[in-house]
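So you know, we letter chains A, B, ... as the sequences are listed, proteins then strands, and number each from 1.
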There are 2 protein chains.
Amino acid sequence: MNNSTYHIFFTNLSNPLRIKIVTSLKQKEKNVTELSKELKVEQSKISHALASLRCCNIVDVKQEGKQRIYSLNKKTIVPMLKLIDKHAKTFCAGDCKGCGR
Amino acid sequence: MNNSTYHIFFTNLSNPLRIKIVTSLKQKEKNVTELSKELKVEQSKISHALASLRCCNIVDVKQEGKQRIYSLNKKTIVPMLKLIDKHAKTFCAGDCKGCGR
DNA sequence: TGTTCATATGAATTATAGTTCATATGAGTA
DNA sequence: TACTCATATGAACTATAATTCATATGAACA
């Protein structure tokens, strides 16, 4: 597999807001306004974040009336987050702190 | 698990050089000079990249004489890259192109 | 068809992360 | 202990990505 795909994919998930959206959608699908209210984040920020996530098919959309319902593509993301959980537990004493650079 | 760990972990892998190093170390462990020559990248760039990867325990180091041998922590990374391979194949027609934003 | 609610988009600004280069550290060896 | 090879580090600079805000689109409905 080519490195560029990895780079694009990881970059997409390397953002606090997008991660928040992902973990929120893990529970259940939501529309933009719901996400905006739940996360206390301005609507256009949510929309931009969702646009990125859609690019890599990390989330799916469906239209329902004037709402757009976003759902998580769990096939990839759920096992991936599990890998990180396990990694952090095993190698980073619970959670990864980064190294300030 | 807390979102900050996900963020730090993904950010670490969201960089072309660090990904190159990771995929190179998947084959076999290498020292800094070897990586620098193989990837045709200046030594300090490699060192900085390795420092980041070490923070999240994505790579390990051992000293051997004056060299430092870096190896990949395969437990997490190998299955993670496989997940992306499969994702790209299944959902992105082979490889993820991003969306130019 | 004009108004409202829901969401998306573009572009300028701002924040974050990466590169570069000069230099420091540190192991081995003459 | 002075020198060399291997690697690390800090800080200024540069590049990349995120935020903001004004505005566009588009569905529903009066």
Quiz item: Nearest of D:dT7, D:dT20, D:dA11 to any side-chain atom of B:R68?
Solution: D:dT7
Quiz prompt | hbond_proxy A:Q43 side chain to C:dA8 base (donor-acceptor, 3.5 Å cutoff) | solution = yes
Exercise. May I have the distance from A:E42 (atom CD) to D:dA22 (atom P), rounded to whole angstrom?
Key: 10 Å
Quiz item: Tell me: NZ of B:K62 to C1' of C:dG26, nearest whole Å?
Solution: 20 Å
Quiz prompt | Nearest-Å distance for atom pair CD1/P, residues B:I46 and C:dG18 | solution = 14 Å
Exercise. Compare side-chain N and O positions of B:K45 against OP1 and OP2 of C:dT20 and report whether any pair is under 4.0 Å apart.
Key: yes
Quiz item: If you measure only the distance, is there a donor-acceptor pair under 3.5 Å linking the side chains of A:T76 and A:N73?
Solution: no
Quiz item: Between B:S44 and A:S44, which has a closest nucleotide on DNA chain D that is more 5'?
Solution: B:S44
Quiz item: Counting side-chain heavy atoms from C-beta on, which of D:dT20, D:dT9, D:dA6 comes nearest to B:S47?
Solution: D:dT9
Quiz item: Given atom CD of B:E64 and atom P of D:dA6, what is their separation to the nearest angstrom?
Solution: 14 Å
Quiz item: Between B:H48 and D:dT9, do the rings stack, that is, sit under 5.5 Å apart with planes less than 30° off each other?
Solution: yes
Self-check item: Residues within residues 8-18 of chain B bordering DNA chain C, heavy-atom distance below 4.0 Å
Solution: B:N15, B:R18
Quiz item: If every non-hydrogen atom of A:C56 is compared with every non-hydrogen atom of B:C92, which pair is closest and at what distance?
Solution: O-SG, 3.8 Å
Quiz item: Does a side chain donor of either B:K30 or B:S24 reach within less than 3.5 Å of an acceptor in the other side chain?
Solution: yes
Practice problem: Could you check A:R18 against A:N12 for side chain to side chain contact (heavy atoms under 4.5 Å, CB included), going step by step and ending with a plain yes or no? | Solution: CA-CA 8 Å; A:R18 288 195 294 266; A:N12 211 334; 3.3 Å; yes
Practice problem: Work out which heavy atom in A:H7 is nearest to a heavy atom in B:N15; give both atom names and the distance. | Solution: CD2-N, 3.9 Å
Self-check item: Minimum-distance pair of heavy atoms, taken over all atoms of A:A88 and A:D95
Solution: CB-CA, 4.0 Å
Self-check item: Nucleotide of D:dT4, C:dA6, D:dC21 approaching A:T33 most closely (side-chain heavy atoms)
Solution: C:dA6
Quiz prompt | Integer-rounded Å distance: C:dA17 C1' and B:H7 NE2 | solution = 10 Å
Quiz item: Can a side chain N or O of A:Y70 be found less than 4.0 Å away from OP1 or OP2 on C:dA6?
Solution: no
Quiz prompt | Residue mapping more 5' on DNA chain C - nearest nucleotide basis, A:R54 or A:K66 | solution = A:K66
Quiz prompt | A:K26 to A:K74 - nearest heavy-atom pair and separation | solution = O-NZ, 3.2 Å
